[in-house]
Every structure is written in structure tokens, then in C-alpha cells.
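Only one structure is covered here, and it is reproduced in the block below.
The residues of the chain are indexed from 1 along the displayed sequence.
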Amino acid sequence: MADPIEADVNQTRAAFMAGAAAFLAACTDEFDGAVGEDRYPGLPDKQTETTSRDAA
């Protein structure tokens, strides 16, 4: 009995992930405009972190 349930869950998961990927692809510009490129606010940029480490 678990196999039909698992198959249904896997189909539902695949449909959800495909829809989410399509939504994100369609809205990338809006998200970038609202949020910007800083994915981790409050943390130093990797470029700045590397530069300060190289200077030491």
C-alpha cells in the first residue's frame, strides 16, 4: 500500500518543484530589483573578506 502513496507524493512533489522553478524563473528580475544581489545581508562580502585576509 505504501508504493501507491509514495508514487503520488513523488508526482505531487515533482509538479510543485516544476511550478516553483517556473515561477522563480519568471520573477527573477522582480526579486533582484526588490532584494538586490546581497543574499546574506550583514555578512562581509567575500571579496572584502579575501582582500583583508590577503593583506595580513
Side-chain angles (χ1 to χ4, degrees):
M1 183 154 169
D3 290 340
I5 294 170
E6 185 176 355
D8 185 49
V9 168
N10 288 339
Q11 276 185 310
T12 302
R13 181 182 298 121
F16 173 81
M17 294 303 288
F23 172 77
L24 290 174
C27 297
T28 298
D29 292 338
E30 288 81 3
F31 285 136
D32 285 346
V35 178
E37 293 296 318
D38 188 4
R39 296 176 191 260
Y40 303 101
L43 294 177
D45 292 337
K46 285 196 179 284
Q47 192 174 45
T48 304
E49 186 178 302
T50 303
T51 305
S52 62
R53 195 179 309 148
D54 291 340

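Here the CG atom belonging to Asn10 is positioned 12.0 Å from the CD1 atom belonging to Ile5, to the nearest 0.5 angstrom. Taking CD of Glu30 as the start and CG of Leu24 as the end, the distance is 11.5 Å to the nearest 0.5 Å. To the nearest 0.5 Å, atom CZ of residue Arg13 and atom CD of residue Glu6 are 8.5 Å apart. Atoms CZ and CZ, from Phe23 and Phe31 in turn, are 4.0 Å apart once rounded to the nearest 0.5 Å.
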